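Everything numeric here is computed off the predicted structure, so don't read it as measured data. Position 1 is the first residue of the sequence; numbering continues from there. Just so it is clear, the values below take in all heavy atoms, side chains as well, and ignore hydrogens, waters and symmetry mates.
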Amino acid sequence: MEENRIDKQFDFFREIDKEKFIGRQTYLTDAVRKENDAEHAWHMAVMTILLSEYSNEKIDVLKTVTMLLIHDLVEIDAGDTYAYDEEGKKTKRAREVAAADRIFGLLPEDQGKKLRELWEEFETGETAEARFAHGMDHIQPLMLNAATDGKSWMEHKIRLSQVLGRNQNTAEGSKVLWEYAYQKFIAPNVEKGRLVKD
């Protein structure tokens, strides 16, 4: 056992515990507390294992799950940028790249490089795995918003056009899951006035 290597790995594990403190705007199904980044990642990982059969293309499920488990670690430094925060999006990339360099840089070089490249693959969204992962990253909060009667959408006065804009590429990962999400999560909330139609 290489002492320095395992020390670096455990330094990384301790650091990523901080992901549990990064709050998101999406409520848990009880509509009382909002989820944190770690809960979001876990939820999408389980969803991917079970929903990968609906991917438009064959995907490496373990790679996709790994991508989802690490893609928001950068928010430990960069903070969570709310999906509909247009001002925050202007600096998001720069904040997250610096965070990725630092956080993945804690690992032994080979592992840090691997995770940093996987994070970048998610960001660019050009592979089948990244496209499906993006779909999960968008559908999971749609599901929770619907489960809480659109509570977060109503708090932020989110419009249908914003939701559709954010999800303009979701079908690239899975047409089936996007159609399901639209019919089951979005449309009913528009009908009930919880998601502003414009």
Over all atoms of both residues, closest heavy-atom pair of G23 and D80: O-CB, 3.6 Å
Heavy-atom pair with the smallest gap, counting every atom of L142 and A181: CD1-CB, 4.1 Å
Other residues, nucleotides, ligands: >12 heavy atoms within 6.0 Å of E53 CD: yes
E35-Q25 side chain donor-acceptor pair, cut-off 3.5 Å: no
Check: Y27/E155 side-chain N/O donor and acceptor closer than 3.5 Å: yes
Aromatic contact, H134 with F122 (centres under 6.0 Å): yes
Residue among R33, R24, K34 satisfying side chain to side chain donor-acceptor pair (under 3.5 Å) with E39: R33
Heavy-atom side-chain proximity of N189 to W153 below 4.5 angstrom: yes
Between R131 and S174: side-chain donor-acceptor atoms closer than 3.5 Å: no
Heavy-atom closest contact (G173 atom, F132 atom, distance): O-CD1, 3.7 Å
NZ/NE/NH1/NH2 to OD/OE distance under 4.0 Å, E87 and K90: yes
Polar side-chain atom of K8 near backbone of L107 as donor-acceptor pair, under 3.5 Å: no
Atom NZ of K151 with >12 non-hydrogen neighbours under 6.0 angstrom: yes
T148 side chain to N145 backbone, donor-acceptor under 3.5 Å: yes
F10, CZ: over 12 other non-hydrogen atoms inside 6.0 angstrom: no
Distance flag, aromatic centroids of F185 and Y180, threshold under 6.0 Å: yes
